[in-house]
Amino acid sequence: MCGIVGWIAFQRDLARERPTLDAMTATMVCRGPDAEGTWVSPHAALGHRRLSVIDLEGGVQPMTVDTPDGPVVMTYSGEAYNFRELRDELRRRGHEFRTSSDTEVVLRGYLEWGEAVADHLLGMFALGIWDGRTDRLILLRDHLGIKPLYVYETEDGVLFGSETKALLAHPAVEAVVDRDGFREMMGYVKEPGQATWKGMREVKPGTMLIVDRGGVRERVYWRLEVGEHHDDTETTVRRIRELLEDSVSRQLVADVPLCLLLSGGLDSSALTALAARKLTEEGRQARTFTVDFEQPDDFRANELRGSPDAPFAREVVDHVGTLHSNIKLDHQKLADPEVRRAVIAARDLPFGFGEGDNSLYLLFKAIREHSTVALSGEGADETFGGYPWFHSPAVQQTATFPWVEPLVPTRLYEPELTLGTLDLPGYLAQRWSDTVAQLPSLPGEDAHERRMREFCYVHVTSALPTLLDRKDRMSMAVGLEVRVPICDHRLVQYVFNTPWSMKAFDGREKSLLRAAVRDMLPASVADRPKAGYPLTQELSYIGEVQRQVGELLSDDHRAVEFFDRAALTEAVRGKPEAVERDTRDAFERVLDLAVWLDLYRPTIKLS
């Protein structure tokens with residue numbers, strides 16, 4: 001896992017621009033703490049920061065293959081989980097390998113198949129290939145957008161990088177957020193291809209960009225397809241188990257210490273059980289980590305979490321036999337302004353998940369002391385229908401992104417901002433309409449099945465990318481590679497076309513996933529209801545957040561302009577135990593926004 005950057009310019013000599021390339025590459029040091037490399041030619045400059053995971057000595061980048069017609073050079077981030085099969089096939093086709101890295105496999109795959117290399121890859125990746133034989137750049141992003149990749153078009157080429165901070169380090173790029181960018185930032189609805197910063201965009205998931213002297217061309221090599229599902233429930237459950245086993249097995253390959261994130265919920269427990277079985281067969285023991293805040297006796301149930309994680313995680317550990325550690329997070333550290341600053345610097349944006357981001361960052365930082373790679377259950381709720389609102393008839397009947405309302409504490413925002421200048425409700429309504437319009441109808445599909453297919457589609461394409469980006473940013477900020485086996489595009493595609501009646505065949509959430517792994521888990525874990533990511537219940541944390549927001553009010557910080565000052569002032573003066581969830585979320589947004597404004601000093605153009 002790494003950080004990549006690049007600059008293509010067809011009308012200037014980039015050999016003179018190495019300091020700028022070095023500055024762009026330096027912004028990726030957290031993503032790649034182990035090594036740095038750059039490659040410069042007259043019209044192409046590529047940079048790379050490496051986190052060594054496979055072939056620690058041989059996978060140095062940018063990687064170059066010299067051909068009689070010119071060099072072919074690649075800067076690459078991610079993992080191709082089928083690299084062994086591809087290497088065998090390429091050897092049969094006459095290719096010789098200098099290393100055992102998946103990087104060289106991908107590069108030689110391009111030499112063999114050209115643009116069609118995308119159709120051969122299985123994994124998470126973002127890469128740039130400069131083909132000196134034809135003076136063109138290939139930018140490629142994985143099927144679901146697990147790894148980020150941003151571009152900025154210039155007068156004579158493009159800039160690209162794993163994170164927007166790499167592009168902001170270039171003197172031609174201004175830190176500007178316009179109205180559309182601000183709405184994207186606030187709305188928690190990811191529009192594929194859009195980036196918050198003006199002039200930037202993402203390479204869409206499942207997409208390749210080809211850049212040459214004629215401009216930029218886009219090629220979609222994969223998207224979710226609508227089709228008939230012909231398997232019965234028993235066959236479907238068996239096929240899901242097969243796909244899960246294959247995905248987990250492939251993602252256990254690493255030349256560095258590897259672990260699993262275990263919450264005691266269905267998703268992470270399923271991966272832990274599958275991984276532990278595979279590792280045991282290889283004579284290895286799985287290692288697991290659980291985040292914790294409080295003792296079980298201190299736990300207070302709420303609408304998001306009905307039970308603490310630790311006891312369920314312990315049942316899984318005892319059941320499958322992992323080497324386990326609880327990571328106890330200190331609420332004072334969670335509220336530390338320096339932690340928030342590190343988080344916002346990693347995300348490049350405010351309006352994330354507040355305390356949830358802070359705790360994830362601290363969890364990953366603690367895990368990184370023991371492991372370089374971790375497996376996570378991200379994507380199960382979106383793929384299998386795990387959120388409570390999937391199963392609410394009232395929500396099913398409304399044309400809305402159901403996760404937005406719980407995340408956007410509109411009561412404390414400046415009303416003219418959300419309802420007037422940004423027209424956030426109108427923006428979200430249009431985004432819903434535009435998103436579901438992309439989904440073809442299936443002949444004979446009734447209205448309810450169509451609606452539930454829409455729900456599944458918007459979760460995979462508009463909700464999951466936000467969570468994947470969050471996990472990528474928080475993990476790579478500390479040099480930890482997080483893999484997400486459930487986001488294997490083969491599994492996501494297969495489950496997507498199962499009818500809703502099958503996804504909820506036992507009357508509960510994630511019916512198919514539960515059935516596929518029930519035999520491997522304690523019954524209490526297999527039947528455990530969905531629980532949200534844990535947040536601290538310490539009132540002193542809320543009190544400290546209130547105090548920090550009060551300081552912003554006293555200092556008349558620019559961040560306060562975006563909120564209802566009177567309502568915010570009243571909330572800050574209240575007792576911590578009386579702070580409701582949306583108010584607590586608003587406090588987090590104010591603090592995040594203040595840090596972002598101080599760090600990036602952006603120009604905001606909302607008119």
Side-chain angles (χ1 to χ4, degrees), residues 165 175-177 179 181-188 196-197 330-362 407-422 424 470 473-474 477 535-536 538-606:
K165 61 172 61 69
V176 177
V177 177
R179 191 169 78 124
F182 211 85
R183 294 195 298 188
E184 172 94 3
M185 189 166 64
M186 285 185 62
Y188 293 92
T196 300
W197 300 97
D330 186 333
H331 67 275
Q332 292 180 334
K333 194 66 175 175
L334 280 175
D336 186 342
E338 288 305 309
V339 170
R340 192 177 298 273
R341 183 181 179 88
V343 165
I344 298 302
R347 295 190 68 249
D348 292 330
L349 295 171
F351 301 130
F353 294 86
E355 179 207 331
D357 288 347
N358 296 358
S359 65
L360 198 62
Y361 170 83
L362 290 172
L407 290 176
V408 182
T410 54
R411 186 174 65 85
L412 292 185
Y413 280 117
E414 169 55 45
E416 180 56 34
L417 173 70
T418 56
L419 302 179
T421 304
L422 298 179
L424 203 55
R470 172 202 187 205
R473 298 302 186 94
M474 294 304 99
L535 301 177
T536 182
E538 285 280 352
L539 292 179
S540 56
Y541 172 81
I542 301 174
E544 175 58 19
V545 167
Q546 283 180 293
R547 186 192 68 77
Q548 292 177 21
V549 174
E551 287 186 350
L552 295 178
L553 285 164
S554 298
D555 295 341
D556 201 23
H557 193 282
R558 184 184 175 193
V560 177
E561 299 174 10
F562 297 87
F563 294 82
D564 185 327
R565 176 183 286 273
L568 201 59
T569 301
E570 181 182 357
V572 164
R573 292 171 177 169
K575 294 182 178 180
E577 58 267 29
V579 173
E580 298 179 353
R581 179 189 167 195
D582 65 337
T583 302
R584 176 172 172 170
D585 289 346
F587 289 158
E588 301 281 359
R589 303 299 180 268
V590 177
L591 296 176
D592 285 357
L593 182 60
V595 172
W596 178 67
L597 291 170
D598 291 342
L599 275 175
Y600 292 88
R601 301 197 177 279
T603 299
I604 299 177
K605 298 181 178 180
L606 301 184

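Just so you know, residue 1 is the first one in the sequence shown, and it goes up from there. As the structure is a computational prediction, the values presented were derived from the model and not from experiment.
Every residue was checked against the side-chain hydrogen bond (donor to acceptor under 3.5 Å, both in side chains) condition with Tyr361, not counting sequence neighbours, and none meets it. With sequence neighbours left out, Glu551 forms a side-chain hydrogen bond (donor to acceptor under 3.5 Å, both in side chains) with Arg547. Take Arg347 and apply the side-chain hydrogen bond (donor to acceptor under 3.5 Å, both in side chains) test, not counting sequence neighbours, and it matches no residue. When the side-chain contact (heavy atoms from CB on, under 4.5 Å) test is applied to Asp330, the partners found at least two apart in sequence or on another chain are Gln332, Lys333. For Ser540, the side-chain hydrogen bond (donor to acceptor under 3.5 Å, both in side chains) partners two or more places apart in sequence, or in a different chain, are His331.
Under the 3.5 Å distance criterion, the side-chain polar atoms of Lys605 are left unmatched by any main-chain donor or acceptor of Val176. At least one donor-acceptor pair closer than 3.5 Å links the side chain of Arg179 to the backbone N or O of Thr421. With hydrogens and angles disregarded, a donor-acceptor distance shorter than 3.5 Å links the side chain of Tyr188 to the backbone of Phe351. Formation of a donor-acceptor pair under 3.5 Å by the Arg470 side chain with backbone atoms of Leu360 is not found in this model.
Looking at Phe353 and Met474, their side chains never come closer than 4.5 Å, going by heavy atoms from C-beta outward. Taking the side chain as every heavy atom from C-beta outward, Met185 and Pro350 approach each other to under 4.5 Å. In this structure, Ile542 and Leu539 have side chains that are in contact, with non-hydrogen atoms separated by less than 4.5 Å. With contacts defined as side-chain heavy-atom distances shorter than 4.5 Å, the pair Asp357/Glu588 does not qualify. Residues Ile604 and Arg558 have side chains in contact (heavy-atom distance under 4.5 Å, counting atoms from C-beta outward). Looking at heavy atoms from C-beta onward, Leu334 lies out of side-chain contact with Val339 at the 4.5 angstrom threshold.
For the atom pair Gln546 CD and Thr583 OG1, the distance stands at 9.5 Å (nearest 0.5 Å). A distance of 11.0 Å separates CG of Leu417 from CZ of Arg183, quoted to the nearest 0.5 Å. Distance CG/Leu349 to NZ/Lys165: 9.0 Å, rounded to 0.5 Å. With rounding to the nearest 0.5 Å, the separation of CG in Leu568 from CZ in Arg589 is 13.0 Å. In this structure, Arg340 CZ and Leu599 CG are separated by 12.5 Å, a value rounded to the nearest 0.5 Å.
When each of Thr536, Val343, Ile344 is checked for a side chain to side chain contact (heavy atoms under 4.5 Å, CB included) with Asn358, only Val343 meets the rule.
Between Asp564 and Pro415, the shortest heavy-atom contact is OD2-CD, 4.4 Å. Closest approach of Gly543 to Pro576, counting heavy atoms only: CA-CG, 4.0 Å. The two residues Tyr600 and Ala345 make their nearest non-hydrogen contact at OH-O, 3.3 Å.
Residue pairs meeting the ring pair (Phe, Tyr, Trp, His ring centres under 6.0 Å) criterion with at least one member in residues 539-590, sequence neighbours excluded: Phe182-Phe562, Tyr413-Phe563.
Ion pairing between Asp556 and Arg565 holds under the 4.0 Å rule for side-chain N and carboxylate O. Under 4.0 Å is where a charged nitrogen must lie from a carboxylate oxygen, and between Arg473 and Asp348 at least one such pair does.
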